[in-house]
Amino acid sequence: MSEPVTQVAAVEVRGVDKVFETRSGNVQALEPIDLTVAAGEFVSLIGPSGCGKSTLMRLVADLDEPTAGTVEVFGKTSRRARLDQEYGIAFQQAGLLPWRTVAGNVALPLELHGEASAARASRIAELLDMVGLADFADRYPDQLSGGMQQRVAIARALAERPRLLLMDEPFGALDEMTREKMQTELVRISAETGAAVVFVTHSIPEAVFLSDRVVVMSPRPGRIREIVAMRLGAEAERAERTEELREERVFFDMVTAVREALHGGSPIGTGARGVETR
Amino acid sequence: MSEPVTQVAAVEVRGVDKVFETRSGNVQALEPIDLTVAAGEFVSLIGPSGCGKSTLMRLVADLDEPTAGTVEVFGKTSRRARLDQEYGIAFQQAGLLPWRTVAGNVALPLELHGEASAARASRIAELLDMVGLADFADRYPDQLSGGMQQRVAIARALAERPRLLLMDEPFGALDEMTREKMQTELVRISAETGAAVVFVTHSIPEAVFLSDRVVVMSPRPGRIREIVAMRLGAEAERAERTEELREERVFFDMVTAVREALHGGSPIGTGARGVETR
Amino acid sequence: MSAGAVTAATAPGRPKGMGPRTEATLRIVAPVAVGLIVLGIWQFLVSVVGVSDYLLPSPVSIIEELIASWDSIVQATLITGTNALIGLVLGSILGILLAAVAARWRPIDRMSAPVVAMLAVVPIVALAPVLNSMFGADSQFGRQAIATLASFVPVFLNTLRGFRQTVPVHRDLMRAYAASSGQVLRTLTLPTARPFILTGIRIASSLAVISALVAEYFGGPRGGLGSLISTSAASSQYARAWAYVVASIALGLVFYLATLGLERLLQRHTPQARRRP
Amino acid sequence: MRETESARAGRGASAASVSRPGSRYGPGGPTRPARRGGRRLATWLWGLAGIVAIALIWEVYKLLGPADGVVIGDARVLPRTTDLAMPHVWDMIARLGEPVTRSASAQPLWLVIVLAALSTLGIAAVGWLVGLVVGVGLALVMQRWRIAEWGLLPWIVLSQTVPLIAFAPVVKSWGSRVEIGAFEWQDWMSVALIASYLAFFPIAIGALKGLQSPDVIHEELMRSYAAGYWQTLVKLRFPAAVPYLLPALRLGAANAVVGAVVAEVSTGLQGGIGRILIQFAGQASGDPAKAWGPIFGAVVLGLVAAGSVALLGVILGNYRRTEEAS
Amino acid sequence: ACSASGDGSGETDGGGDLTPVKLQLQWLPQGQFAGYFAAQELGYFEEEGLEVEIIPSGGDIVPQDALANGDVDYAIAWVPKVLGSIEQGANLTDIAQIFQRSGTLQVSWADSGIESVADFEGKKIGSWGFGNEWEIFAAMAAEGLDSTTVQIITQDFNMNAFLQGDIDAAQAMTYNEYAQLLEAVNPDTGELYTEDDFNVISYEDTEGAMLQDAIWADTARLESDEAYQDTTVKFLKAVIKGWVYAAENPEGASEITIAAGSGWGPSHELWMVNETNKLIWPSPDGIGIIDEAAWEKTVAGALAAVNEAGAHLITEEPPATAWSNEWIQQALDELEGEDLDLTGEGFEPIDVTLEEGGN
Ligand SMILES: Nc1ncnc2c1ncn2[C@@H]1O[C@H](COP(=O)(O)OP(=O)(O)OP(=O)(O)O)[C@@H](O)[C@H]1O
Ligand SMILES: Nc1ncnc2c1ncn2[C@@H]1O[C@H](COP(=O)(O)OP(=O)(O)OP(=O)(O)O)[C@@H](O)[C@H]1O
Ligand SMILES: Cc1ncc(C[n+]2csc(CCO)c2C)c(N)n1
Ligand SMILES: [Mg+2]
Ligand SMILES: [Mg+2]
């Protein structure tokens, strides 16, 4: 929101690969990946289940370490960036602490980093206002709907005004109608804050609606198959992505473009009866 | 599959309403509803969360009783139809018994209804073949992916060759790509068996892709707002709905039609910051 | 919960850089090492520091005593073990049956709640003398009754919980299949409750042994581990008393492992946490 | 059992929990207080009915059953019905109102039992506290270092198969040697120590489970906040452990009482319920009803101890929200 | 706990610091120990410059071990049990044999036909265990009976097992369990049982008789610790005075015991004091003097006894240090001048009527 948009890339992934050691042998989750996310840019990762979207995001967040390659966040190592709280993160499950109120949950990162209590209170009010939950500050997560919980999680991720937001299928557990509403909210919020976003999703329309660029990944071992730039982004400011867009021709075209990138040239027909990819 | 398609309606819902008595007062889940599903017809129910889709389906299945009105299934009371096993049913959660193998799960209804063991075995083989899981008969549910589990649940629902299939968001828990695959499968299977289907979903593209008619319901108390007939159904035989359809103009048009029915004339804009409808 | 499930759920907690093989080894080595260290310190205290062997016999002298009175130890272990086994079996059966009844009829559930709560807190020492009076001091039945009561409580509570674990989707399914209540019990309720029942039985197993043993302190035929521990201790034969204690620990361990094994055997296909392929 | 399935909460599980019907965000709390009060009363009444039913069964069996009980083969499967074996319910109750002995200074039996129970309660409470400290301490160590869990947990489980009663005299004897400055080991401390031996076990197991219970997602959230071990402990692990700790503490309280009574019997400590338990058991031949008094006392004591911990659960209600929701 | 090593200033008449002393009883407070409570209550210990703490024991406390471990200064215990402990390594000395006779009975129903130890064969014989069973085995050994020829049933704290027929012959102390029988209601008559209802075998009349309540002291300290020696004599003097008081004032001693925490009713307590007196008095050589013949008989019995698990109580003669009349004699001598009946010549038991329930 207030941070000046610097020219250094928000995320710089270079030659990162990841191998998990398991009881049944090694799993190559990612093959060397290169990806740059500019400051303020909205990038979605899409791909079949198990292709390594979450893994890639976790490497950026320094929740896991790459087997090879480097990850930089705003020019720092990912570890440094984590310690400096350069990013905010949200997962598919809202992951609210059930014993804390809405306000308490949003306050958590601020508390942990020793924010003074007065500053905290005003920041929380601001955040809850931003996600439209000002009236629910004293509710407990179990008293909220799924969509409201996710909004709290997003507010929490934004609490420390990060310049980068990492979101792993944050709307995956919501029903489609709530989901569309949340997408619209997210567009507004990310425009307001000016943060870069790395957004993992399974939904093509979602990726299309939200992103400046959509990174399409191939099945395991995860590679980047194609990066589809959204013409939407070029034509219109992100904040202007409204509900009407969803019914426009250009939207369907982009959806089709991503669909085809995803199916990667292979015939789309009913592969049928086959085993799932995961 | 082998049943002759009779002329009596598969489902006949007349003036059905439903009030739940709860501790905090009565909840009017459905306002009087009328709906007829023809034999062999594929009808989707769509509507915001809490609008009573599941409730309506449960009334048809005689898992709950209507407060008023009547439900007939193939001309019988819903209770009689349940006792006669006139329908097969599948839920959002596959609801497999975790201690039974894939084959054991599919066998469950047959066992319960005293099917002889030899006949059972051949029927199970047939069903697993139909859902493409012939090689997984001895696996346990926890060894399957979500999509495979749902296929087992569908095979189970089909076990007794019902002329009516009730499905409550059967693909709700799957990721979008698996989901599309399952939709294609379901189109094939329902064409093969010729069963009528009542299909609850949140997803407009899903409803559009699958259905002959889409029943759009309004928020609580649930009413039928509009029934959108799919021109797709008129133009093409259901079995011919292929992947390509998803990228065709007519598909997007139908999606838009249902979207608009769903939003029910109210301005689509960013209602934003408001409380969820449920 | 089975240890296996714990591992699966908390696998990420495995110390960094430790392979699965190392983990398997350490899981065995670590407890053995702890045991050896304790034994070592004990022996050191007795033989080097010189804590009187009279009060705290050294591990070595206990082992000697174990060998010396092997026959009578086996005899005593069998007596106590039989009582505990009978108690465990009876208590488990009673617990499961009563839980089934309580799960079926709400009034029974609500009425049994305080009674079970009371049974859960009654000290065996309090009950032993009156049970001996009620059932006769000349048979093992009083002890078996105590072991039964002790086993009953965890089995009942866990089973009752297990009977309540059926998920709505399964119940709906059964109703959709027009399944009879017997069929529901057989195909749904019992299998769902099984892990809970088995957990209850496992918890009960140690309790059964310890209560059968403690009950021997309070009357009845002699010959079991409890009475021999007390007799040996009363005549200051502490090494022998400890040998009987060791036997009773072993007995408790056998019961625990047997029920754990039973659990593993019957639960081979319990869904584990979904492991990534 | 269950938590393992939800630990990795697949999309299915989480979606299910989100769309579960119910008054999750209705006004106020989950249920209205008046209703809740009414239900609590009903619970008590049913419970009372259960106890009355037991008393009735007792009396009916006593009336109809053979004096020497029902013997099948060698085993007496149903008890004797003599006054010696099964005193009348009303005799047991009436006895509570009478003085302990004919001695002029004798207090009524119930008062003696209450005083003894209070004394035992105090000792058990100390034992419980020690058990709490030790149990939670062990759990912390085991949670922090997996190797410690592997090394210690089997022994902790094994420790409960040790016939504690065999050690009461040893504990008492060792204790009597402890004398540090003005501090002198008292006999009641031996009893409290034995009580803590029984109490620590469920607490250690429950606390370990609880400390390990936070979802992976919450642990990673803390990591993403660069929160240290202690911060994670205070903000995440302890709160998340509450639903596991409470039943463990309740069990621990019941165990502490049982342990205290056993140890009192064993060491002959004066003043507690264990002491009058053996004393009155010795008088049961001539005064059968009297022996039941301390038994009831011990049961009530256990219930009071467990109940006080349940009270703790009410205070910590906010930490149990997930528990109530499921 | 090693507190008797006072600074020696604890003179008899010196009103200064009292020497702390711990005495371990072998059971809960009751008339069996009336003399000690009397000495306490009547200030006899204090007069000797001692501050005595009387420690009762419970189910599992072994008094001689508490003494051997140095937890206490003196302990009351049965001779055969301590002989076993001595063989295991305890270093203890019997310094005063308070009970001159065995008070153990084996009680059976009058019509049971069990009239002597020889009749035990094949019967269910009750015993408390905890080392109280050696007299039975010794008596049986004298009759040529092996301990495996009977079924030993552990009695709990009361006589119900006997009253309900689980046991053919129950172990009973004259002063306690026998009274419990006489306090119980006979369901056939609605009245209390009477002595006529029972056959009573007294071990005193058998080869199995063993010496019971004795005061034990730490042998090593007796040899080397002068303060302890001094305290021992003073302690014994006070104890003697206590027991003499109990002999002459059973009612008073009974009340003192009740006040000291015995849970028994007045009639039972009085019975117990009275019966205990009968085990002590008369003491021809003076109270507490160990009769060598009785000692030898105890040792012989202990050597002969084998329990049902095949274990021996002792396998060899106890050391000479196991008993000594030195201290009790000195105490008796010092009390000589005072007007005390130290031999119980004039002792007359009283008649006690037991009431229902021992209350
Ligand atoms: N901790 C782990 N140990 C072993 N294998 C792992 C681990 N985490 C992920 N994997 C494997 O790495 C691959 C990529 O997993 P990842 O979770 O990144 O996929 P994803 O694209 O996020 O899938 P989804 O869409 O289902 O969330 C998968 O095959 C997975 O099984
Ligand atoms: N057993 C019940 N008791 C009380 N209220 C109920 C019950 N079942 C459903 N309801 C209420 O009835 C309404 C309709 O619920 P229903 O489950 O049919 O909605 P739905 O359209 O299936 O929603 P979703 O899309 O979330 O599955 C909701 O408001 C719900 O809270
Ligand atoms: C359970 C039990 N019962 C009896 C005794 C032994 N005991 C100690 S004093 C005494 C005399 C009668 O009261 C007896 C028999 C014991 N130690 N434990
Ligand atoms: Mg993922
Ligand atoms: Mg629904």
Side-chain angles (χ1 to χ4, degrees), chain C residues 51-57 61 65 68-76 79 125-143 146 214-244, chain E residues 26 58-66 68-71 77-78 80-92 124-134 147 150-168 170 302 307-314:
Chain C
V51 173
S52 91
D53 196 53
Y54 177 67
L55 222 195
L56 182 66
S61 58
E65 196 62 51
S69 8
W70 182 252
D71 286 343
S72 97
I73 287 177
V74 169
Q75 199 68 32
I79 292 176
V125 287
L127 235 36
V130 297
L131 283 179
N132 277 331
S133 281
M134 286 166 73
F135 289 101
D138 59 338
S139 78
Q140 301 281 1
F141 199 80
R143 286 115 182 229
I146 285 169
V214 170
E216 289 174 17
Y217 275 68
F218 302 95
R222 295 230 297 177
L225 287 170
S227 36
L228 289 177
I229 291 173
S230 71
T231 307
S232 308
S235 44
S236 306
Q237 304 201 324
Y238 284 99
R240 185 173 303 164
W242 276 90
Y244 287 118
Chain E
Q26 59 168 325
D60 304 315
I61 297 299
V62 183
Q64 64 271 27
D65 285 341
N69 291 328
D71 304 342
W78 287 10
K81 298 193 217 180
V82 184
L83 290 182
S85 299
I86 289 175
E87 185 160 308
Q88 293 304 314
N91 200 8
L92 307 175
K124 288 184 258 186
I125 304 299
S127 166
W128 300 293
F130 291 95
N132 297 302
E133 66 277 33
W134 297 108
S147 58
V150 300
Q151 191 190 345
I152 296 286
I153 308 274
T154 304
Q155 289 174 213
D156 58 21
F157 311 102
N158 55 50
M159 297 303 278
N160 287 4
F162 171 71
L163 289 172
Q164 304 199 94
D166 301 335
I167 293 173
D168 296 321
N307 75 6
E308 76 278 16
H312 287 262
L313 174 53
I314 55 173

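In this text, all values refer to a predicted model and were calculated from it rather than measured experimentally. Just so you know, these numbers use all the heavy atoms, side chains as well, and skip hydrogens, waters and symmetry mates. Below, chain A is the first sequence line, B the second, and so on; all start at residue 1.
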So, do E:Gln164 and C:Ser133 sit near enough that their side-chain heavy atoms are less than 4.5 Å apart? yes
What are the two closest heavy atoms between E:Lys81 and E:Gln64, and how far apart are they? O-NE2, 3.5 Å
Which of E:Ser85, E:Gly131, E:Gly84 touches chain C most, by non-hydrogen pairs under 4.5 Å: E:Ser85
Assert top hit (heavy-atom pairs under 4.5 Å, partner chain C, pool E:Asp65, E:Asp60, E:Val62) equals E:Asp65
Is the shortest side-chain heavy-atom distance between C:Glu65 and C:Trp242 below 4.5 Å? no
Report yes if some heavy atom in the side chain of E:Thr154 is under 4.5 Å from a heavy atom in the side chain of C:Glu216; otherwise report no. no
Just to verify, what does C:Ser230 make a side chain to side chain contact (heavy atoms under 4.5 Å, CB included) with, not counting sequence neighbours? C:Tyr217, E:Phe130
Considering only heavy atoms and a distance below 4.5 Å, find which of C:Ala137, C:Ala76, C:Pro129, C:Gly220 pairs most often with chain E. C:Gly220
Among residues two or more places apart or on two chains, list those pairs meeting salt bridge (Lys or Arg N to Asp or Glu O under 4.0 Å) that have a residue in residues 218-233 of chain C. C:Arg222-E:Glu133, C:Arg222-E:Glu308
At a 4.5 Å cut-off on heavy atoms, which part of E:Ile152 comes close to chain C: side chain, backbone, both, or neither? both
Among E:Ala90, E:Ala311, E:Ser127, single out the residue with the greatest number of heavy-atom pairs under 4.5 Å to chain C. E:Ala90
Among E:Leu83, E:Ile153, E:Ile86, single out the residue with the greatest number of heavy-atom pairs under 4.5 Å to chain C. E:Ile153
Most heavy-atom pairs under 4.5 angstrom with chain E, which of C:Gly136, C:Ser139, C:Ser227, C:Ala128? C:Gly136
